[in-house]
Every structure is written in C-alpha cells, then in structure tokens.
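Structure first, then comments.
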Amino acid sequence: MFQWKKMGKVFSPHEVQGRPWLKEFAQAPATLIFDDVVRVYFSCRPPADAAGQYVSYSAWVDLDRKDLFTIKRISKTPILSLGGTGEFDEFGTYPVSVVRDGDKVRGYYAGWTRCESVPFNVAIGMAESSDSGETFLKIGTGPVISYSPDEPFVMSGPKIRRFNNQWQLFYIAGRKWKRVNGRAEPIYKIRMATSTDGITWQKMNKDLIESRIEEDEAQASPDVFYANGKYHMFFCYRYSENYRGHKNGYRIGYAWSNNLTDWHRDDSRAGIDVSTEGWDAEMISYPHLFEVDGQIYMAYLGDQVGRYGFGLAKLEGELS
C-alpha cells in the first residue's frame, strides 16, 4: 500500500503583486523539471468583469528543486495569448499540460468560449515553446481535438504523456448538460487519444474509468504515471449536483492498468483525502504526479477548485 503525506499549500495567487491578470485561482498544476527548479504551470484569472464573467490565463511558478516551498520566479506575462473573435480559446486557456520534444516544449491546453444556452464550451489546442517553456505560440487558430458525434462538447483537461514511443493524450469529454437549480452543469468522462506525431490524433471513443458514486459522476484530470510495471492513474471526481462548497465536492480517485486501455478503478487506494480543516477541507482535485531526485510528489488543488492555490503531498511507500 502507499499513502500521500500532505506537505501544505505551496503557492497562493492572492500573494502575487504587480500582475493584475493573476489575482485569483492557481488551477490544474502541471510540471516541467529543470536542473535547478521545478516549473509548475497553472491557470489563473483576473477579477470578474462587471457582468460577473471571468477569463482565464495560464502561467508558471518556478520552485527551488532542493526546497519546493521556495519560490524562485513567477511568469511576468501569460504563457499564451487568448484567441481572437470567435475562436475556440477566446475567453480562456485552462488547463495546460506540457512535455519536452527535442529542443522545444509542447503544451496542450483547453480553450474556452462562451455560449448562450450553457455557460461555456471547450476544445483542446496545442502550442510550442522555443524558450524552454517560458512562453508558447499556438500552432494554429483551431483545436487539435474538438467535438465529434461521440464527444459532442466540453473537450478539456488534457494530460499529455509519451509511453512506448507513442503520444498519449488523456482528456475529458462531455456526456451531457444537466439542469440543476436553474444552472447548467456539465457531466464529463475520462477518455484517451493516441498519436505518432502529437498533432493528428486517433480517439479511442470509450470511457476509461467506470462511474462509482452515481451514473452522472463527473470525472476530470486523468494523470498517468508508470511505476513497477503498471500504469497508475490519479484523477478527480464529483457528484453532479451541489458540489460547490459541500460534501459532494471533488475527491481524488485511483485506477491501474497494464495496457493503458483497460483500467481497474479502486479509489480506496488513492491514499489521499480532504483534511479535517484548512484550505483543503471541502474538496481536493486535479492531481498531478511528478518525480524529483527519487521522490514522487503529487500537486493538487484544495477548496473551490484552486481559488486559494495548490499544495503538495509526497508519496510514502511505492506505487505498485
């Protein structure tokens, strides 16, 4: 068995000065490891406009590799520009996942647009960096993974991985919109696509993780880590109703696989849960695993899906 020992909250957007576009939230952490720092990408927001509408940007914070609670640098500008009028990412880039590819860094991100009958729609775009992941340029104005007959909306939560000389993109796909107390709530499930070049993708067109708490369970943030001959997926899930600030909020789940396509869910082995008090007492979500100097860590979000920042936990025991 394994267990995650919580280390505490590492980064809070409210403590950042001089960046009005980075005032709230530090969502969906994802890492890029350097010799001296661990760069953590996250998504943030300026304050809402007069109509209560947000936009979202993506940024990074560099943590000292020898002491992950020491902040070395924070990006001065968003890593990506928002899309133009009518483009899929006109109103936001959230979340982002990165991977090295030769002398470049590729970033896969969810682009947000606003809608009339429901609050938003999302598709997955790709960008490249030539300055070691400090800034990114989109490869085009459209997404690399968009809606299809089997996946009609809310294509989001990309997590890029490369196993067995192949590109894998784990993501979520909308199943339906559910009207709850007059508000449209999205239901989404975890899926995967594969590629030989990271640009043209072949979708599997099947849900990877079975629902457990209810048929309309929403699943997100499928992060896959290979260890001891298995693929280990940590993800988050929630009830479809009344999950904001309630006991129905996000929790972290776990599944394992021998082949990346057939997954066995066992949330009892996730090894981490909400705290009894503090910044992560209502919910925990968006897990991301990374390894530094022989130690495996999990970055994750607390209450209100990262409004107050992200924290770290370290693995005790082995993933097996």
Side-chain angles (χ1 to χ4, degrees), residues 27-43 57-63 65 73 75 77-83 87-89 93-111 122-146 155-172 190-204 208 221-227 231-234 259-261 286-293 296-297 299:
Q27 298 179 298
T31 57
L32 190 66
I33 311 299
F34 293 85
D35 290 342
D36 56 342
V37 297
V38 174
R39 178 164 295 163
V40 183
Y41 295 86
F42 61 92
S43 295
Y57 296 100
S58 291
W60 50 259
V61 56
D62 280 349
L63 308 178
R65 180 167 175 159
R73 281 201 306 160
S75 54
T77 60
I79 65 171
L80 278 168
S81 60
L82 297 184
E87 294 176 7
F88 79 104
D89 52 0
T93 58
Y94 158 57
V96 64
S97 179
V98 300
V99 66
R100 285 189 173 88
D101 183 38
D103 60 352
K104 296 183 181 296
V105 179
R106 285 193 181 181
Y108 294 80
Y109 68 97
V122 198
I124 296 171
M126 188 193 119
E128 283 190 334
S129 172
S130 299
D131 58 4
S132 298
E134 292 202 13
T135 60
F136 289 78
L137 291 176
K138 303 169 191 176
I139 65 165
T141 56
V144 292
I145 291 189
S146 190
M155 310 294 293
S156 187
K159 292 289 185 73
I160 186 66
R161 293 291 179 266
R162 296 181 71 175
F163 299 118
N164 306 319
N165 297 315
Q166 187 180 52
W167 297 74
Q168 291 85 16
L169 190 65
F170 298 89
Y171 62 96
I172 61 173
I190 292 171
R191 295 200 161 195
M192 184 180 78
T194 58
S195 175
T196 58
D197 60 7
I199 300 173
T200 302
W201 293 90
Q202 181 68 43
K203 296 179 180 180
M204 282 188 58
L208 297 188
S221 189
D223 203 49
V224 177
F225 194 89
Y226 182 79
Y231 299 97
H232 305 265
M233 180 191 292
F234 291 84
N259 57 13
L260 289 173
T261 58
Y286 284 77
H288 167 68
L289 272 63
F290 63 99
E291 185 173 1
V292 175
D293 301 325
I296 298 174
Y297 297 91

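One-based numbering along the sequence shown. Because only heavy atoms are used, hydrogens play no part in the values below, and waters and symmetry mates are left out as well, while side chains stay in.
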Taking the side chain as C-beta and beyond, is there a heavy-atom pair between [X] and [Y] under 4.5 Å?
| X | Y | answer |
| --- | --- | --- |
| V224 | Q168 | no |
| P95 | S156 | yes |
| Y171 | K203 | yes |
| L82 | Y57 | yes |
| D89 | L80 | no |

Is a side-chain donor or acceptor of [X] paired with a backbone partner of [Y] at a separation under 3.5 angstrom?
| X | Y | value |
| --- | --- | --- |
| Y108 | G198 | yes |
| N164 | Q166 | no |
| Y41 | L32 | no |

Inter-residue atom distance [X].[atom1] - [Y].[atom2], 0.5 Å rounding:
| X | Y | atom1 | atom2 | value |
| --- | --- | --- | --- | --- |
| T194 | W167 | OG1 | CH2 | 13.0 Å |
| F170 | S221 | CZ | OG | 12.0 Å |
| F234 | D223 | CZ | CG | 9.0 Å |
| K104 | D131 | NZ | CG | 10.0 Å |
| N165 | T196 | CG | OG1 | 11.5 Å |
| L169 | W201 | CG | CH2 | 4.5 Å |

key: Parallel, tilted or perpendicular: rings of Y231 and Y226 (30°, 60°)   = tilted
Quick check: closest heavy atoms across [X] and [Y], and the distance to 0.1 Å?
| X | Y | value |
| --- | --- | --- |
| I79 | E134 | CG2-O, 3.5 Å |
| A123 | I145 | CB-O, 3.7 Å |
| Y286 | A28 | CD2-CB, 3.8 Å |
| P222 | I190 | CB-CG2, 3.6 Å |
| T135 | S129 | O-OG, 2.8 Å |
| R106 | F136 | C-CE2, 4.0 Å |

Using the rule side-chain contact (heavy atoms from CB on, under 4.5 Å), only one of [options] pairs with [X]; which is it?
| X | options | result |
| --- | --- | --- |
| F225 | E291, R161, M233 | E291 |
| Y109 | T93, I160, V98 | T93 |
| R39 | D62, V105, L63 | D62 |

request  = Report the residues that fulfil salt bridge (charged side-chain N to carboxylate O under 4.0 Å, His left out) with R100, sequence neighbours left out, ordered by chain and then residue number.
outcome  = none
ask   = When you look at CD1 of I199, are more than 12 heavy atoms from neighbouring residues, nucleotides or ligands closer to it than 6.0 Å?
value = yes
remark   = From the list D293, D35, D36, side-chain hydrogen bond (donor to acceptor under 3.5 Å, both in side chains) partner of R65 resolves to D293
message = Test salt bridge (Lys or Arg N to Asp or Glu O under 4.0 Å) on K138 and E87; report intermediate values, then the result.
response = CA-CA 12 Å; K138 303 169 191 176; E87 294 176 7; 5.1 Å; no
